[in-house]
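A short worksheet on the structure shown next.
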Amino acid sequence: MKKKSNLMEYAGTFGALLILCIVLSFASKNFLKVDNLMSILKQTSFNALVATGMLLCLITAGIDLSVGANATFCACLAGCLVNRGVTNSLVLFIVAILGGALIGFINGTLLTRLHLPHPFVSTLGMKNVLWGLALIVSGSQMISFSGINGIMWLGSATIGGFPVSFIVVLIIYVIMHVMLTRTSLGRSIYCAGGNMEATRLSGINSANVLTFCYTLSGIMASLAGIVSIGRSGICNGANATQPYDTDAIAACIIGGASFNGGKGTMIGTMMGALIIAVLRNGFTLLSVSSAVQNMVLGLVIIGAVLLDVTRARMEAEAKKKATK
């Protein structure tokens with residue numbers, strides 16, 4: 001029954017993506033050009049990576065509002081090393097990933113060990129902290145990564161015309177899909193979001209599960225930050241204020257995740273990220289203002305949440321009728 005429900009959700013999300021592509025193909029003659037489609041995949045890569053960690057947090061009935069600022073901070077952390085003469089891509093990559101993992105671990109610790117009331121509080125505070133740190137480590141300046149070939153390759157290179165960054169995303173999504181659906185850790189993550197008390201009674205250490213999810217969210221954010229450097233060739237601390245977390249939440253919710261926890265898949269999240277990228281690309285092709293773009297994206301999120309609430313209410317009513 002659950003597999004059938006997932007297939008219906010995938011069909012709905014894929015249908016929305018397909019209709020959107022058809023509409024834009026008629027609205028703009030440039031939409032279906034190969035270069036534009038590859039550009040969409042490059043745009044998808046950043047949000048898809050950030051949404052990976054966001055999905056884990058949402059499955060556990062939490063949220064990570066610091067992911068966008070974390071991505072920018074880790075990019076600026078690498079930029080700080082570049083300013084000091086470090087040009088080894090592997091070193092820059094490792095430092096950025098460790099920085100993101102540390103931030104994610106701190107978020108998880110604040111929630112599970114220091115018992116802050118809700119991850120909304122701790123991660124929102126962390127978002128502002130990282131914004132300040134990104135400006136400090138970058139000296140409030142844009143830092144160029146020109147000549148750092150490894151980092152640039154990851155974000156802008158192609159293989160057979162296909163973006164390397166999106167290939168990395170696909171590999172990560174396959175691994176994460178297997179983890180969530182085929183391992184005890186994945187089952188523990190869903191269990192922690194579905195019923196925390198049942199998780200505790202079944203012997204699962206929910207604190208460790210939550211800490212793992214937020215740490216992995218930090219790692220995914222840092223990887224997204226590296227990809228963003230490769231695409232633009234620079235890092236900029238001011239980008240910490242960009243609504244990257246909103247796009248990630250939208251991708252997850254559109255893909256079938258729920259703020260109530262216990263739901264969400266990597267396949268759905270990927271389709272959600274593609275919808276967001278196609279929307280933004282279409283807006284650009286049609287010269288739609290950023291103000292209207294943000295309004296439409298906000299309405300899309302509200303619509304997805306309303307759909308989730310309606311679906312949850314219908315499921316609850318169906319269970320109630322079944323028990324009578």
Side-chain angles (χ1 to χ4, degrees), residues 47 49-74 100-134 188-197 199-200 206-222 224-225 239-264 268-269 272-273 276 294 297-309 311-312:
N47 190 30
L49 288 170
V50 176
T52 306
M54 183 68 75
L55 176 64
L56 294 182
C57 297
L58 288 172
I59 290 175
T60 62
I63 197 167
D64 187 354
L65 297 177
S66 69
V67 285
N70 197 358
T72 301
F73 165 70
C74 292
L102 177 61
I103 297 302
F105 178 78
I106 291 173
N107 281 335
T109 301
L110 289 173
L111 177 64
T112 60
R113 267 73 183 187
L114 300 183
H115 306 293
L116 291 191
H118 194 276
F120 180 92
V121 177
S122 56
T123 59
L124 181 60
M126 183 60 75
K127 177 179 181 176
N128 285 277
V129 170
L130 292 173
W131 178 20
L133 286 175
S188 297
I189 292 172
Y190 280 107
C191 189
N195 191 322
M196 192 65 75
E197 182 63 18
T199 303
R200 185 184 65 82
S206 57
N208 287 346
V209 171
L210 291 176
T211 301
F212 169 81
C213 289
Y214 282 88
T215 301
L216 192 55
S217 178
I219 292 173
M220 290 297 104
S222 64
N239 286 340
T241 60
Q242 295 295 315
Y244 299 135
D245 48 355
T246 305
D247 280 11
I249 293 170
C252 296
I253 298 300
I254 291 171
S258 171
F259 284 113
N260 295 320
K263 293 180 63 179
T269 300
I276 298 298
N294 290 329
L297 182 58
L299 290 173
V300 169
I301 296 173
I302 292 172
V305 173
L306 284 174
L307 181 63
D308 174 52
V309 171
R311 184 171 56 230

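All values below come from the heavy atoms of this structure, side chains included, with hydrogens, waters and symmetry mates left out.
Tyr244 is not listed as a side-chain neighbour of Val67, based on a closest heavy-atom distance of 4.5 Å or more. Using a 4.5 Å heavy-atom cutoff, the side chains of Leu65 and Ile249 are in contact. With a 4.5 Å cut-off on side-chain heavy atoms, Leu111 and Leu116 do not count as touching. The shortest distance between side-chain heavy atoms of Trp131 and Thr72 does not fall below 4.5 Å. Between Asp247 and Val50 the shortest side-chain heavy-atom distance does not fall below 4.5 Å.
Not counting sequence neighbours, the partners of Asp64 by the side-chain hydrogen bond (donor to acceptor under 3.5 Å, both in side chains) test are Ser66, Ser217. Scanning for side-chain hydrogen bond (donor to acceptor under 3.5 Å, both in side chains) contacts around Asp245 gives Lys127, with sequence neighbours left out. Thr109 is linked by a side-chain hydrogen bond (donor to acceptor under 3.5 Å, both in side chains) to nothing, counting only residues two or more places apart in sequence or in another chain. Considering only residues two or more places apart in sequence or on other chains, Thr112 meets the side chain to side chain contact (heavy atoms under 4.5 Å, CB included) condition with Ala207, Leu210, Thr211. Not counting sequence neighbours, the partners of Asn208 by the side chain to side chain contact (heavy atoms under 4.5 Å, CB included) test are Arg113, Asn205. For Thr269, the side chain to side chain contact (heavy atoms under 4.5 Å, CB included) test picks out Ala51, Leu55, Tyr173, Cys252, with sequence neighbours left out. For Leu216, the side chain to side chain contact (heavy atoms under 4.5 Å, CB included) partners at least two apart in sequence or on another chain are Leu56, Met176, Phe212, Ile219, Met220.
To the nearest 0.5 Å, atoms OG (Ser258) and CG (Leu58) are separated by 8.5 Å. Distance check: Ile103 CD1 to Ile106 CD1 gives 4.5 Å after rounding to the nearest 0.5 Å. Atom CG of Leu133 is separated from atom CG of Asn128 by 11.0 Å, given to the nearest 0.5 angstrom. For the atom pair Leu110 CG and His115 NE2, the distance stands at 11.5 Å (nearest 0.5 Å). The distance from atom OG1 of Thr123 to atom CE of Met54, rounded to the nearest 0.5 Å, is 7.5 Å.
Gly100 and Cys74 make their closest contact through N-SG, 3.3 Å (heavy atoms, listed as atom of the first residue, atom of the second, distance). The heavy-atom pair separating Ala69 from Leu130 by the smallest distance is CB-CB, 3.8 Å. Of all heavy-atom pairs between Asn70 and Ala221, the closest is CB-CB, 4.0 Å. The two residues Gly62 and Pro119 make their nearest non-hydrogen contact at CA-CG, 3.6 Å.
The number of heavy-atom neighbours closer than 6.0 Å to CZ of Phe105, taken from other residues, nucleotides and ligands shown, is 12 or below.
The backbone N or O of Gly261 sits nowhere less than 3.5 Å from a side-chain atom of Tyr190 that would complete a donor-acceptor pair.
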